[in-house]
Amino acid sequence: MKISNEHISKILREIAVYLEMQNVPFKPRAYEKTAIAVADLSEDLHALYEKGGIKAIEEIEGVGVSIAEKIEEIIKTGYLKYYDQLKKKTPVDVSSLMSVEGLGPKKIKKLYQELKITNVEELERSARAGKIRSLEGFGEKTEENILKSLEFLRQAGGRFILGYIMPDIRKIESDLKKLKEVKKIIVAGSVRRRKETIGDVDILIVSSKPAPVMDFFVNMPNVARVVTHGSTKSAVKLKNGLDVDVCVVAEKSYGAALNYFTGSKYHNIALREIAIKYGFNLNEYGLFKGKKTITGKTEEEIYKKLGLDYIEPEMRENEGEIELSSEHKLPKLIGYNDLQGDLQIQTNWTDGSNTIEEYAEVAIKKGLKYIVITDHTKRLAMTGGLDEKKLLKQIAEIGKINEKLSAKGYKFKILAGSEVDILKDGTLDLKDEALKKLDVCGTAIHSYFNLPKEEQTKRIIRAMENPHVDIIFHPTGRIINRRPAYEVDIDEIIKAAKRTNTVLEIDAFPDRLDLKDDYIRKCVFAGVKLAIDSDAHLVSHMDFLEFGIAQARRGWATKDDIINTRPVEAMLKLLKK
DNA sequence: GCCGTTTTCGGCCCGACTGTTTTCAGTCG
């Protein structure tokens, strides 16, 4: 049996919880750290082990001899004796119980010892029967909170897709901003780091009169319940299930608090460890030496005092950015206003809802200089995909609209493109003679998602080898929270992209964000060019470009790595001849 | 259990809030 990285990560995470149940010091953190590292690994552990043996496993950050041996045992046998022993002592469904808000290792242990609770169903039954309130350390309130938390888990399932929830977040931000007591406000946390999905929202406020701010916040009309209501920190759950935390700080601590609440947790831990080496102490109030304040007002100052260059929030994942920063080698990330064009747009010629002209008008308003029309092709019959004849007609239509725009004095260009379907064998569903007529030829997979990895990889590489194909759209095909990526060897894809001079797309659609961040990083390191496109099916979808840029920044991409940061002629020059 | 330009042994991030407590453990971020 082949063991996935997620499976190994889950076992390691559960071991951390079990050790914490037994009050074992420090080891839990070692296991937890490794669990995260394994989950984030872009390479398959199984493959890594086959290639490099246990030595290769030990290379992973945070993995030493002992954990490497345990990972080896899981890969070889499918089991881990150490884990089984721990599980025998407390045979409970750790992962699901840990996802219940308010429950941690100690409480889970108690619930098992006293009430023999092993899973969320039994937890719910006991809570409903009022059996939990009488346990030592528990009470009526705890029992109530457990039931509420279970209810939420049932309906929301956890994480929100950033691009879809962002309008709600910005509304709360602007409502709070209107209060006269609010001097400064910023959304920190995973929202500021622009993670593709978020678990909650952390809002930071500077105010010398926090009480009215807190009162307004917990009484907002869309609040379902108040989780905590303190003098400087409050938390609510909204009716849509989103958790929002607000923290009020003094101006002098703003930078430290912003840094603290932006995270990531592991970026912060690394910063505090650096602080300790300097004899400092870093917390959410500032950077201190004993009782003396060194700084705290801005993030820039804090990084500087730690000998670091300022690190953009999108990079703060403790993935090597701190080392680069200390060597003054951080990349200059692409900016949110750097795009000049959008290279993937579907119109009402196929499954889009707006006309070519409507897209052009909105794009001009957004300040873009060009767009590429990329309707589907004939194999996608359900979308009314274009055949060679219809495509020629569309090219002629685009020419006419360009003339109209230019007559009106606009310096804006609509380019003819396509989202040509890649067939099962890697050939395309339109003839080369038609493709030749396009300004930009994009291609994508829309079928046979379940091919074996090797075949799927070959299929895409064959498409890239077509001399007319400029871009591969959404290269891994995942849809966040709905379906996983199809199996491809991303390293081979990237190698082939470099060799064939094919551009890979960062699809900005909020539930795609395909490529994901660490694949983008691989492209950047390999020198493969990328494009950020909205994949719009409606004019309003062009607003999603922002999230594509965010994703590119999370992947450490610079302006130069993204072809559509350039004027139209320069962009076209980068494509295949 | 991991790690090292202060260390191969002796450290390991830090504070707020809640609910249970009469001074604090557990959880969270």
Side-chain angles (χ1 to χ4, degrees), chain A residues 12 15-21 23-35 37 58-71 82 97-111 132-146 148-149 188-193 198-204 210 214 218 226-236 243-249 253 256-257 259-288 306-307 318 326:
Chain A
L12 295 171
I15 290 174
V17 177
Y18 280 128
L19 293 172
E20 231 166 310
M21 281 182 192
N23 271 323
V24 177
F26 308 114
K27 285 191 194 183
R29 199 183 139 202
Y31 278 98
E32 196 198 330
K33 238 177 117 174
T34 312
E58 272 184 61
E59 295 287 299
I60 299 166
E61 181 69 27
V63 177
V65 180
S66 173
I67 293 185
E69 277 174 358
K70 292 188 172 72
I71 293 176
Y82 179 63
L97 286 172
M98 279 295 284
S99 65
V100 178
E101 218 180 315
L103 287 192
K106 305 289 164 62
K107 288 212 161 104
I108 291 172
K109 185 182 178 190
K110 187 99 187 162
L111 287 168
I132 289 175
R133 63 183 70 183
S134 54
L135 296 183
E136 191 196 341
F138 292 72
E140 250 178 80
K141 209 64 183 257
T142 312
E143 193 174 86
E144 213 175 283
N145 285 339
I146 286 174
K148 278 181 188 161
S149 174
S190 48
V191 176
R192 185 163 179 243
R193 300 203 313 281
I198 58 157
D200 64 0
V201 177
D202 299 287
I203 300 177
L204 191 66
M214 289 299 179
V218 299
V226 179
V227 181
T228 64
H229 186 177
S231 56
T232 61
K233 275 185 186 179
S234 293
V236 301
D243 287 308
V244 186
D245 297 0
V246 159
C247 181
V248 175
V249 297
S253 296
N259 188 247
Y260 171 81
F261 282 105
T262 297
S264 69
K265 187 179 169 185
Y266 287 95
H267 178 86
N268 287 356
I269 288 175
L271 288 185
R272 283 187 211 130
E273 282 166 355
I274 292 174
I276 288 168
K277 281 190 189 136
Y278 279 91
F280 297 151
N281 175 34
L282 178 64
N283 61 31
E284 61 204 273
Y285 299 103
L287 184 66
F288 302 95
L306 295 177
N318 198 25
S326 69

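So you know, we letter chains A, B, ... as the sequences are listed, proteins then strands, and number each from 1.
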Integer angstrom distance from the [atom1] of [N] to that of [M]:
N: B:dG15; M: B:dG10; atom1: C1'; answer: 25 Å
N: B:dG11; M: B:dT6; atom1: C1'; answer: 12 Å
N: B:dC17; M: B:dT23; atom1: C1'; answer: 16 Å
N: B:dC9; M: B:dC14; atom1: P; answer: 25 Å
N: B:dC28; M: B:dT20; atom1: P; answer: 15 Å
N: B:dA16; M: B:dT21; atom1: P; answer: 24 Å
N: B:dC3; M: B:dT8; atom1: C1'; answer: 9 Å

**Request:** Before giving the answer on side-chain contact (heavy atoms from CB on, under 4.5 Å), spell out for A:M214 and A:V246 the whole-Å C-alpha distance, their side-chain angles and the decisive distance to 0.1 Å.
**Result:** CA-CA 8 Å; A:M214 289 299 179; A:V246 159; 4.1 Å; yes

**Asked** Looking at A:F138, is A:K107 sitting on its ring face, NZ or CZ under 6.0 Å from the six-membered ring centre and within 45 degrees of the normal?
**Response** yes

Just checking [X]: base, sugar-phosphate only, or nothing, at a heavy-atom cut-off of under 4.0 Å?
X: A:K27; answer: base
X: A:H267; answer: nothing
X: A:K70; answer: sugar-phosphate
X: A:V63; answer: sugar-phosphate
X: A:I269; answer: base
X: A:T34; answer: nothing

What is the separation between atom [atom1] on [X] and atom [atom2] on [N], rounded to the nearest whole Å?
X: A:L19; N: B:dC2; atom1: CG; atom2: P; value: 12 Å
X: A:E69; N: B:dG1; atom1: CD; atom2: C1'; value: 12 Å
X: A:I60; N: B:dC3; atom1: CD1; atom2: C1'; value: 17 Å
X: A:E273; N: B:dG4; atom1: CD; atom2: C1'; value: 12 Å
X: A:I274; N: B:dG4; atom1: CD1; atom2: P; value: 13 Å
X: A:E144; N: B:dG19; atom1: CD; atom2: C1'; value: 12 Å
X: A:I276; N: B:dC12; atom1: CD1; atom2: P; value: 7 Å
X: A:F288; N: B:dC14; atom1: CZ; atom2: C1'; value: 12 Å

**Message:** Quick one, A:T142 with A:R133, criterion side-chain contact (heavy atoms from CB on, under 4.5 Å). Give me CA distance, side-chain angles, the key distance, then yes/no.
**Reply:** CA-CA 7 Å; A:T142 312; A:R133 63 183 70 183; over 6 Å; no

**Asked** So do the side chains of A:E61 and A:N318 get within less than 4.5 Å of each other, counting heavy atoms only?
**Response** no

**Item:** Note, A:I60 side chain near A:I67 side chain (heavy atom, < 4.5 Å)
**Value:** no

Nucleotide nearest [X] when distance is taken to its side chain, options [options]:
X: A:K141; options: B:dG1, B:dG15, B:dT20; result: B:dT20
X: A:S66; options: B:dC12, B:dC2, B:dT20; result: B:dC2
X: A:R29; options: B:dC12, B:dG1, B:dC17; result: B:dC12

**Request:** May I ask you to say whether A:E136 pairs ionically with A:K110, meaning some side-chain N is under 4.0 Å from a carboxylate O?
**Result:** yes

**Prompt:** Are A:E144 and A:K148 within salt-bridge range, i.e. N to O under 4.0 Å?
**Reply:** yes

**Prompt:** Within the distance-only criterion (no hydrogens, no angle test), does the side chain of A:E143 pair as donor or acceptor with the backbone N or O of A:I132 below 3.5 angstrom?
**Reply:** yes

**Fill in**
Between the CG atom in A:N23 and the NZ atom in A:K106, the distance rounded to the nearest 0.5 Å is 4.0 Å

Give a yes/no on whether any side-chain N or O of [X] is located under 4.0 angstrom from OP1 or OP2 of [N].
X: A:Y285; N: B:dA16; result: yes
X: A:N281; N: B:dC14; result: yes
X: A:T232; N: B:dC17; result: yes

**Message:** Please name the nucleotide paired to B:dG11 by Watson-Crick or G-U wobble geometry with both distances under 3.5 Å, or report none.
**Reply:** B:dC2

**Message:** Base contacts versus sugar-phosphate-only contacts with protein, heavy atoms under 4.0 Å: please encode nucleotides 21-29 of chain B as B, S and - from 5' to 3'.
**Reply:** -----SSSB

**Item:** Residue met sooner reading DNA chain B from 5', once A:T142 and A:K33 are mapped to nucleotides
**Value:** A:K33

**Request:** Please figure out whether A:K233 or A:I67 has its closest DNA chain B nucleotide nearer the 5' end.
**Result:** A:I67

